[in-house]
Engineer: 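Please read through the structure below; I'll follow up with questions.
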Amino acid sequence: MSDPAESIREGHARPQQAFPGTVQQNVIIPVPEPFHFQMNLDYLSRSDNECMFHVQNDKLYKLVPYGEKQMEHALIEISAGQGHSLNIRFLGDVPPSEACRLAAVRYVQIWFDFDTDLNPFYRMANRDPLLKETVKRFRGLRLIGIPDLFEALCWGILGQQINLPFAYTLKRRFVEQFGHSVSGGGHELWQFPAPEIIAGLEAEQLTRLQITNRKAEYLIGVAALIAEGKLSKPMLQQEPDFAAAVKRLTAIRGIGPWTAHYVCMRCLRVPSAFPIEDVGLHNAIKLMLSMERKPTLDEIRQLAQAWTGWEAYATFYLWRMLY
DNA sequence: CTCCAGGGTACAC
DNA sequence: GTGTACCATGGA
């Protein structure tokens, strides 16, 4: 993808009054092929307990952080545009600044992983017995990211060893207890709790949300590292390679190989990140191969040899077969 | 009641 | 380095 500033085209910012008192201004961004907006919306709709964005009437609503220390937020609506494009509409009560619009465009590009060319993955997967079916069924789905490092780490920790619906419930309680909401255009969206807030909590403030004491300690510890500037997304991105980022992450209490790879996959956008211990991956393989039992790690390593460089996308597409 | 869930730590050897 | 108990809670 070229410089995002060059890829922005002005939409028709007519002064409509669909929501009296609000200012509408659109930005249209091109999308790479293959991309299928509805396929991605279907993924984003998989939990009705999701609290960090809304899907409604084929449109996606999200609060995008930007500006100094990510302290400002833009409420945006993302919808399919004409041809190969997405339309971003700003729902704030003032016209978005240039910085705000650039941030929103870049956020969407990162969220949907527009920087990755999926064609090599599809060429590989079309020949792979395990992936052939899922890439046919979900063609145009991209690996949806969690751009914020703290959010990605928290989501990984919260999801450890519990079922997914309960993990969503815990995230919602966590966000609604310690985050802030912003309203606009008839929608209310939440910003994820700041690490500085979580770092100052007592474990008991999290355990009363039914988060286990162990995970409460993990969350507070990770929040403190980020709040103190000892851990950041640029810091991990500047590591010489992916293995170094994993090593740095797994040195943190509460972050094992699964969580480290999960964060590399969803936040750092490492295409070869591979949470091989993932029970969802195991169940997907068991399902696709009609196995009586879950595959062993060695068996998965054998199957994944063909995925080299695309382990993250392979995992994401296999997960999709389960939900 | 039992088993499982998008794991990780602490400790043994 | 590999193996094991334990963590703690909701859902099927």
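Sequence lines set the chain letters: A, B, ... in the order given, protein chains first and strands last, and positions in each chain run from 1.
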Engineer: Output the rounded distance in Å from CG (A/Leu164) to C1' (B/dC4).
Structural biologist: 14 Å
Engineer: Give every residue pair that meets the salt bridge (Lys or Arg N to Asp or Glu O under 4.0 Å) criterion with at least one member in residues 218-238 of chain A, sequence neighbours excluded.
Structural biologist: A/Glu228-A/Lys230
Engineer: Does A/Phe242 have any ring pair (Phe, Tyr, Trp, His ring centres under 6.0 Å) partners at least two apart in sequence or in another chain, and if so, which?
Structural biologist: A/His261
Engineer: Grab the CG-C1' distance between A/Asn163 and B/dC3 for me, whole Å please.
Structural biologist: 12 Å
Engineer: I need the A/Met288 CE to A/Ile285 CD1 distance, nearest 0.5 Å.
Structural biologist: 10.0 Å
Engineer: Applying salt bridge (Lys or Arg N to Asp or Glu O under 4.0 Å), which residue pairs with at least one partner in residues 155-181 of chain A are found, sequence neighbours left out?
Structural biologist: A/Glu50-A/Lys171, A/Arg172-A/Glu176
Engineer: In whole Å, what separates the P atom of B/dC11 from that of C/dA8?
Structural biologist: 14 Å
Engineer: Tell me every residue that passes side-chain hydrogen bond (donor to acceptor under 3.5 Å, both in side chains) with A/Gln305, counting only those two or more places apart in sequence or in another chain.
Structural biologist: none
Engineer: I'd like the P distance from B/dC3 over to C/dA5, given in whole Å.
Structural biologist: 15 Å
Engineer: What I want to find out is whether A/Arg106 reaches A/Asp115 closely enough, with some N-O distance under 4.0 Å, to be called a salt bridge.
Structural biologist: yes
Engineer: Taking side-chain hydrogen bond (donor to acceptor under 3.5 Å, both in side chains) as the test, write out the residues that go with A/Trp190, two or more places apart.
Structural biologist: none
Engineer: For a quick test of reading the model: is some side-chain N or O of A/Lys294 closer than 4.0 Å to OP1 or OP2 of B/dA5?
Structural biologist: yes
Engineer: Using chain A heavy atoms and a threshold of under 4.0 Å, write down where along DNA chain C the contacts begin and end, 5' to 3'.
Structural biologist: C/dC7 to C/dG11
Engineer: Provide a list of protein-nucleic acid N or O atom pairs under 3.5 angstrom, restricted to nucleotides 8-13 of chain B.
Structural biologist:
from, atom 1, to, atom 2, distance (Å)
B/dG8, OP1, A/Gly256, N, 2.9
B/dG8, OP1, A/Gly256, O, 3.3
B/dG8, OP1, A/Thr259, N, 2.9
B/dG8, OP1, A/Thr259, OG1, 2.6
B/dG8, OP2, A/Trp258, N, 3.3
B/dT9, OP1, A/Gly254, N, 2.8
B/dA10, OP1, A/Arg253, NE, 3.4

Engineer: Taking for each residue the nucleotide of DNA chain C bearing the nearest heavy atom, is the 5' side occupied by A/Thr169 or by A/Gln161?
Structural biologist: A/Gln161
Engineer: Please list, chain by chain and in numerical order, all residues satisfying side-chain hydrogen bond (donor to acceptor under 3.5 Å, both in side chains) with A/Tyr107, sequence neighbours excluded.
Structural biologist: none
Engineer: Which residue pairs pass the ring pair (Phe, Tyr, Trp, His ring centres under 6.0 Å) test when at least one of the two sits in residues 191-224 of chain A, sequence neighbours left out?
Structural biologist: A/Phe150-A/Phe192, A/Phe174-A/Phe192
Engineer: Whole angstrom is fine here: how far is it from NZ in A/Lys171 over to P in B/dA5?
Structural biologist: 21 Å
Engineer: Can you pull out the residues from residues 315-323 of chain A that lie within a 4.0 Å heavy-atom distance of DNA chain B?
Structural biologist: A/Trp319, A/Tyr323
Engineer: Please, which pairs that meet salt bridge (Lys or Arg N to Asp or Glu O under 4.0 Å) have at least one residue in residues 140-165 of chain A, sequence neighbours excluded?
Structural biologist: none
Engineer: So which pairs with a foot in residues 118-137 of chain A pass salt bridge (Lys or Arg N to Asp or Glu O under 4.0 Å), sequence neighbours left out?
Structural biologist: none
